[in-house]
Colleague: 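Okay, here's the structure, questions in a sec.
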Amino acid sequence: MTEAQSGKDASEAYVEAVLRVVEQVPPGHATTYSLIAEAVGRSGPRQVGRVLAMYGGSVPWWRVVRADGSLPPSHQPAALSRYREESTPLRGAITDARALRVDLGRALWLPPSRPPRT
DNA sequence: GGTGTGACGCAGG
DNA sequence: CCCTGCGCCACAC
């Protein structure tokens with residue numbers, strides 16, 4: 001098997017798939033980790049977070065939030081700046097970055113259905 | 001090959 | 001509203 005080590009290649013393809021979806025999220029909107037996981041149709045939301053943690057530097061990671069619209073405290077301040085620039089609908093007190101949450105009721109963006117494995 | 005950990009999700013108290 | 005525990009999948013040790 002010349003490509004028996006496709007395992008590495010597979011993870012690379014997975015990373016690309018996730019980054020591609022995140023890039024498609026329009027300004028002022030947001031999506032969730034689990035939705036992206038469903039869109040790529042592979043693994044779970046945790047792996048999506050891992051990808052963003054390593055390769056998210058090249059994509060609008062701030063448009064990816066948790067199921068409840070919140071974001072990791074470490075990145076909330078950075079994301080808050082983007083939200084204010086993009087006028088992303090927020091919920092709660094913006095003054096308290098710790099309680100920062102995106103109003104998914106209005107900002108939620110559904111990722112394209114995962115491509116049929118033909 | 002078991003154990004721990006994580007940019008997650010949900011149910012329960 | 002808060003925190004806790006458990007399940008989930010992939011990776012590092």
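Letters go in sequence order (proteins before strands), and every chain restarts at 1.
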Colleague: Quick one: list whatever passes side-chain hydrogen bond (donor to acceptor under 3.5 Å, both in side chains) with Gln47(A), sequence neighbours left out.
Modeller: none

Colleague: At under 4.0 Å between heavy atoms, how does the protein contact nucleotides 6-13 of chain C? Give one character per nucleotide, 5' to 3', with B, S or -.
Modeller: -BBBBS--

Colleague: Can you tell me how far P in dG5(C) sits from the matching atom in dG4(B), rounded to whole Å?
Modeller: 15 Å

Colleague: Measuring from atom CG of Leu52(A) to atom OG of Ser58(A), what distance do you get when rounded to the nearest 0.5 angstrom?
Modeller: 11.0 Å

Colleague: Restricting to ring pair (Phe, Tyr, Trp, His ring centres under 6.0 Å), what partner residues turn up for Trp61(A), sequence neighbours left out?
Modeller: His75(A)

Colleague: Could you state the interatomic distance from CG (Asp103(A)) to OG1 (Thr88(A)), rounded to the nearest 0.5 Å?
Modeller: 10.5 Å

Colleague: For DNA chain B, determine which residues of residues 59-68 of chain A have any heavy atom closer than 4.0 angstrom to one of its atoms, and list them numerically.
Modeller: Trp61(A), Arg66(A), Ala67(A)

Colleague: I need the minimum non-hydrogen distance between Leu104(A) and Ala67(A), along with the two atoms involved.
Modeller: CD1-O, 3.5 Å

Colleague: Show which side-chain atoms of residues 13-26 of chain A pair as donor or acceptor with protein atoms under 3.5 Å away, not counting sequence neighbours.
Modeller:
unit_1   : atom_1 : unit_2   : atom_2 : d
Glu16(A) : OE1    : Arg20(A) : NH2    : 3.4
Gln24(A) : NE2    : Arg20(A) : O      : 3.0

Colleague: May I have the distance from Tyr55(A) (atom OH) to dG6(B) (atom P), rounded to whole angstrom?
Modeller: 19 Å

Colleague: What distance, rounded to whole Å, do you find between the two P atoms, one in dT3(B) and one in dC6(C)?
Modeller: 16 Å

Colleague: Please give, in whole Å, the distance from dC8(B) C1' to His75(A) NE2?
Modeller: 14 Å

Colleague: Would you compute the distance between atom CG of Leu80(A) and atom CD of Glu85(A) and round it to the nearest 0.5 angstrom?
Modeller: 10.0 Å

Colleague: Pairs in or reaching into residues 16-57 of chain A: which pass ring-ring contact (aromatic ring centres under 6.0 Å, His included), with residues at least two apart or in two chains?
Modeller: none

